[in-house]
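A note on names: the letters A, B, ... follow the listed sequences, proteins ahead of strands, and every chain is numbered from 1. This is a predicted model, so every value here is computed, not measured.
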Amino acid sequence: MTSNDQAAPAANNFLRTIIEEDLKSGKHSSIVTRFPPEPNGYLHIGHAKAICINFGLARDFGGRCHLRFDDTNPAREEQEYIDSIKESVRWLGFDWGEHLYYASDNFEQLYQWATFLIEGGKAYVEDLNADEIRAHRGTLTEPGTDSPYRSRSVGENLDLFSRMHAGEFPDGTRVLRAKIDMASPNISLRDPVLYRIIHAPHPHVGDAWKIYPMYDFAHGQSDAIERITHSICTLEFESHKPLYEWFLDNLPVPARPRQYEFARLNLTYTVMSKRKLQELVQLGIVSGWDDPRMPTLVGIKRRGYTAAAVRNFCEQIGVGRSDSWIDASILEDCVRTDLNESAPRAMAVLRPIKLVIDNYPADRTEELQAANHPQKPEMGNRTIFFSREIWIDADDFMETPSKGFHRLTVGGEVKLRFGYIIKCTGVFRDEDGTITELHGEYDPASREGIHTADGRKVKGVIHWVSAPHAVAAEVRLFDRLFSDPNPDRGGADYKQFLNPGSVETLIECKLEATLAGADVETRYQFERMGYFRQDPKDSLSDKLVFNRIVTLRDAWIKK
RNA sequence: UGGGGCGUCGCCAAGCGGUAAGGCACUGGAUUUUGAUUCCAGCAUUCCCAGGUUCGAUCCCUGGCGCCCCAGCCA
């Protein structure tokens with residue numbers, strides 16, 4: 001792991017309060033939580049919040065957290081997702097130890113419990129099709145009506161259910177329903193479907209089953225089987241809680257877990273819904289699920305965000321029950337905070353323009369010492385080269401400087417970081433008038449500090465790279481995927497808010513020589529430019545590709 | 001307009017009847033060979049609104065208003 005794992009001081013929140021009380025009262029001697037993803041896609045930053053909450057609570061209170069795949073719908077699930085989810089949870093720095101579970105491991109028990117409900121007259125086989133069931137369900141303001149099959153005999157229900165199990169009926173022809181209350185004001189209690197017929201191979205249990213339990217019939221019972229004490233989920237499951245409890249009340253479960261809900265994460269300038277992320281991938285708007293601009297954990301990881309930064313972010317945003325929108329800048333700030341501490345500095349010129357120092361001997365090369373971190377001498381120094389021809393960033397030169405600009409101008413002076421003070425004496429142009437080369441002179445006595453020999457202080461310091469020593473590289477500048485804070489808002493198509501400048505690829509960048517042997521995992525701060533790391537997929541030793549993780553704060557650009 | 005939930009600074013968020021934590025953002029100023037970092041200072045007489053209970057209410061009660069979730073054989 002890259003960096004400082006200073007476990008952020010855990011802010012108090014309602015879940016911690018509940019747990020503290022449960023522990024204090026002796027209701028539980030230790031807690032067990034779980035992170036229960038359905039393996040039907042890649043995890044995103046919203047899942048990171050759930051992971052940090054569940055694993056974090058277990059860690060802080062000396063309990064344990066299970067990883068459980070809620071794999072009750074084989075039509076949507078794949079082994080690829082199971083593998084990816086495990087990898088992302090591990091990447092975030094959490095460990096489920098021996099406690100890896102699958103809801104599908106409980107299929108036999110759940111089947112028996114379904115039979116138990118039938119025997120008790122609390123479940124029945126429904127012959128109505130999906131449309132008819134919907135019609136009988138009523139509406140938000142009107143009660144539902146009983147299905148004609150609701151009063152089937154226990155014997156007939158048992159027979160039909162076992163034949164569903166045996167695979168006698170095609171998909172969609174029958175379901176098993178709980179017999180609760182078709183007039184309940186809570187729609188999830190209007191005889192919810194427990195089992196449906198799906199003839200499809202399952203990633204974990206193969207083709208052993210022809211019927212699959214619904215989420216509601218699997219989740220609470222799985223929690224009970226695993227002896228989960230605190231089953232923490234997002235707010236949209238709150239209206240399912242009475243049903244969750246109905247199953248625990250009516251089945252001989254071995255334990256009594258409790259469900260608690262928190263508000264899911266909303267992040268500005270991105271979309272989080274699986275459907276939309278999938279569309280971005282399918283339409284080729286991004287290069288894949290791990291495109292560095294994606295809010296997926298694989299994308300964030302490839303971008304270069306550190307797990308510590310993501311964890312810290314989750315800690316900072318807190319846990320509550322009110323709908324909230326977290327500004328993307330908070331996440332970016334967590335990344336900066338982490339990387340500022342850990343990232344060694346280097347110099348890289350992204351938009352190179354050549355500067356020839358006319359009074360510097362053409363055959364001379366100097367070795368200068370550069371600190372790897374301005375506040376951390378223990379990180380050491382490195383040697384960089386200085387010569388007559390150097391690259392500087394085109395953005396650091398203005399022929400007609402705007403007000404407040406204090407970098408290089410014609411006739412002006414600027415400090416080369418770790419090097420000399422130089423003055424620009426003139427520009428060379430091509431026929432079109434575009435500047436092709438800068439010329440200048442250096443002050444031999446100005447190696448240390450920002451003062452000239454006669455005591456004048458220069459106001460600008462710029463980065464640079466010795467031209468003959470430079471290493472070529474491609475650098476990808478990533479920005480937010482969307483230009484609107486809430487592209488997901490109802491009404492308009494979210495794609496109209498795509499940020500056309502979300503990636504800019506610069507192919508002629510010049511890096512300092514030390515970067516030639518850079519480790520893929522090392523995040524660097526390219527001084528004055530931001531934090532960068534090699535793209536783990538595309539960077540090769542003879543063709544370096546760096547991703548910009550995040551920019552530096554810039555008080556100048558804001559003006 | 002059925003049921004459930006939420007409403008404290010620009011964005012998050014503590015607070016649980018005793019007189020508004022913290023973070024981010026923002027604004028000043030200091031240090032700085034990164035317009036970075038760091039530092040120091042400022043930043044809600046007020047908690048959606050209106051009544052009520054109380055010596056005292058963001059916290060309790062009543063009534064409004066606003067927003068979110070639920071009518072998949074998805075999770």
Which base sits across from [N] as a Watson-Crick or G-U pair, both distances under 3.5 Å?
N	result
B:C60	B:G52
B:G42	B:C26
B:C67	B:G5

[X] with [Y]: basic N within carboxylate O range, under 4.0 Å:
X	Y	answer
A:Arg480	A:Glu332	yes
A:Arg275	A:Glu279	yes
A:Asp479	A:Arg548	no
A:Asp22	A:Arg258	no

Does OP1 or OP2 of [N] have a side-chain N or O of [X] closer than 4.0 Å?
X	N	result
A:Arg137	B:G2	no
A:Ser329	B:C11	no
A:Asn12	B:G15	yes
A:Arg190	B:A71	no
A:Arg196	B:C74	yes

First locate atom CZ of A:Phe107, then atom OH of A:Tyr102, and finally report the distance between them rounded to the nearest 0.5 Å.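 Result: 12.5 Å between the selected atoms.
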Determine whether the aromatic ring centres of residues A:Tyr81 and A:Tyr42 are separated by less than 6.0 angstrom.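 When the ring centroids of A:Tyr42 and A:Tyr81 are compared, they turn out to be within the sub-6.0 Å range.
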Do A:Phe247 and A:Trp113 have their ring centres less than 6.0 Å from each other?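 They do not qualify: ring centres at least 6.0 Å apart.
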Distance to the ring centre below 6.0 angstrom and angle to the axis at most 45 degrees; does that hold for [X] and [Y]?
X	Y	answer
A:Arg68	A:Tyr101	no
A:Arg174	A:Phe169	yes
A:Lys276	A:Tyr494	yes

List for me each residue that meets side-chain hydrogen bond (donor to acceptor under 3.5 Å, both in side chains) alongside A:Thr551, sequence neighbours excluded, and say none if there are none.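 Testing A:Thr551 for side-chain hydrogen bond (donor to acceptor under 3.5 Å, both in side chains), a comparison that skips the adjacent residues, returns A:Arg336.
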Can you find a pair of side-chain heavy atoms, one from A:Ser231 and one from A:Arg34, that are under 4.5 Å apart?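 The answer is yes, as the side chains (C-beta and beyond) meet within the 4.5 Å cut-off.
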When you compare the side chain of A:Met272 with that of A:Pro295, does any pair of heavy atoms fall below 4.5 Å?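 Yes; the side chains approach each other to less than 4.5 Å.
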Let's test your reading of the model: under 3.5 Å, does the base of B:A75 pair with the side chain of A:His240 as donor and acceptor?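 For A:His240, whose side chain was compared with the base of B:A75, there is a donor-acceptor pair (under 3.5 Å).
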Between the base of B:G35 and the side chain of A:Arg407, is there a donor and acceptor pair under 3.5 angstrom?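 Counting by modelled atom types and ignoring angles, a donor-acceptor contact under 3.5 Å is found here.
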Say we look at [N] and [M]: how far apart would their [atom1] atoms be, to the nearest angstrom?
N	M	atom1	value
B:C60	B:G15	P	13 Å
B:G64	B:G2	P	12 Å
B:U38	B:U31	C1'	8 Å
B:C16	B:A57	P	16 Å

Identify each atom pair where a protein N or O and an N or O of nucleotides 38-44 of chain B are less than 3.5 Å apart, giving names and distance.
none

Are any protein N/O atoms closer than 3.5 Å to N/O atoms in nucleotides 57-60 of chain B? If there are, list each pair with its distance.
none

Nucleotides 30-32 of chain B: which of its N/O atoms have a protein N/O under 3.5 Å away?
none

Reading RNA chain B from 5' onward, which residue's closest nucleotide shows up sooner: A:Pro374 or A:Gly320?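 Result of the comparison: A:Gly320.
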Starting at the 5' end of RNA chain B, which residue's closest nucleotide do you reach first, A:Thr141 or A:Gly404?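 Residue closer to the 5' terminus by nearest nucleotide: A:Thr141.
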With syn defined as a glycosidic torsion within 90 degrees of 0 and anti otherwise, which applies to B:G72?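 Glycosidic conformation of B:G72: syn.
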When you compare the protein's N or O atoms with those of nucleotides 3-6 of chain B, which come within less than 3.5 Å of each other, and at what distance?
unit_1	atom_1	unit_2	atom_2	d
B:G5	O4'	A:Glu238	OE1	3.4
B:G5	O3'	A:Arg321	NH2	3.3

Are there more than 12 heavy atoms of other residues, nucleotides or ligands under 6.0 Å from atom NZ of A:Lys423?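 Not more than 12 within 6.0 Å, no.
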Taking A:Gly380's backbone N and O only, do any of them form a donor-acceptor pair with A:Asn372's side chain (distance below 3.5 Å, no angle check)?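 A pair under 3.5 Å: yes.
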For A:Trp556 and B:G35, say yes or no: do the ring centres fall under 5.5 Å of each other while the ring planes differ by less than 30°?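 So A:Trp556 counts as stacking on the base.
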Scan A:Arg76 against the nucleic acid and name what it touches under 4.0 Å (heavy atoms): base, sugar-phosphate only, or nothing.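 Base contact.
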Could you please spell out the steps behind the salt bridge (charged side-chain N to carboxylate O under 4.0 Å, His left out) verdict for A:Glu261 and A:Arg321? CA-CA 7 Å; A:Glu261 312 83 17; A:Arg321 287 174 62 86; 3.1 Å; yes
Any residue in residues 168-176 of chain A with a heavy atom nearer than 4.0 angstrom to RNA chain B? Just list them by number, or reply none.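 RNA chain B contact set from residues 168-176 of chain A: A:Gly172, A:Val175.
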